[in-house]
Amino acid sequence: LAQQNVGVLMVMHDLSLAAGCADHMVLMRCGEKVAEGNPAVVLQKDIISEVFEVDASVQNHPHTGKPMVII
């Protein structure tokens, strides 16, 4: 549908999977928006660590180049 210029809204909890298919992401915590933008902007180590209270690493996927979150 997205390729047909139809808006698609998805709610996902797997950040790496979301980054693989999203053009734009909104990261929320307790109903509040923490970050918004393209996956490379939203999926930053410091943001992920703050929101989920984990030690996170963000790397580029070796084949797609899209952000990949490792916890």
Side-chain angles (χ1 to χ4, degrees):
L1 289 174
Q3 293 174 347
Q4 298 171 8
N5 293 324
V6 175
V8 177
L9 173 67
M10 295 172 40
V11 177
M12 302 180 80
H13 294 95
D14 183 324
L15 299 176
S16 298
L17 184 59
C21 60
D23 298 329
H24 189 89
M25 298 178 77
V26 176
L27 184 62
M28 300 182 75
R29 179 178 187 184
C30 298
E32 299 290 326
K33 180 172 61 170
V34 176
E36 179 177 4
N38 69 51
V41 169
V42 173
L43 299 180
Q44 298 289 319
K45 175 183 172 40
D46 57 333
I47 297 171
I48 301 300
S49 295
E50 175 189 336
V51 169
F52 296 101
E53 299 177 0
V54 296
D55 185 23
S57 174
V58 180
Q59 301 175 1
N60 290 332
H61 189 281
H63 298 290
T64 65
K66 304 242 177 157
M68 188 172 61
V69 178
I70 300 166
I71 297 176

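Any value given below was found using the heavy atoms of this structure, including those in side chains, with hydrogens, waters and symmetry copies removed.
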Value for CD1 (Ile48) from CG (Leu15), rounded to nearest 0.5 Å, stands at 5.0 Å
Rounded to the nearest 0.5 Å, what's the gap from CG on Leu27 to CD on Gln44? Could you check?
11.5 Å
Say whether Val8 and Leu17 are linked into one hydrophobic cluster, either directly or through other cluster members, by side-chain heavy-atom distances under 4.5 angstrom.
yes
Same apolar cluster (I L V M F W Y, side chains within < 4.5 Å links), Val34/Val42:
yes
For Ala18 and Met12, which heavy atoms make the closest approach, and how far apart are they?
CA-SD, 3.8 Å
Over all atoms of both residues, closest heavy-atom pair of Glu36 and Val41
O-CG1, 4.3 Å
Flag, side chain of Glu53 to backbone of Ser49, donor-acceptor distance under 3.5 Å:
no
Side-chain donor-acceptor pairs of residues 54-71 under 3.5 Å, sequence neighbours excluded:
{"from": "Asp55", "atom 1": "OD1", "to": "Lys45", "atom 2": "NZ", "distance (Å)": "3.2"}
{"from": "His61", "atom 1": "ND1", "to": "His63", "atom 2": "N", "distance (Å)": "3.0"}
{"from": "His61", "atom 1": "ND1", "to": "Thr64", "atom 2": "N", "distance (Å)": "3.3"}
{"from": "Thr64", "atom 1": "OG1", "to": "Lys66", "atom 2": "N", "distance (Å)": "3.2"}

State whether the number of non-hydrogen atoms from other residues, nucleotides or ligands found under 6.0 Å of Asp46 atom CG is greater than 12.
yes
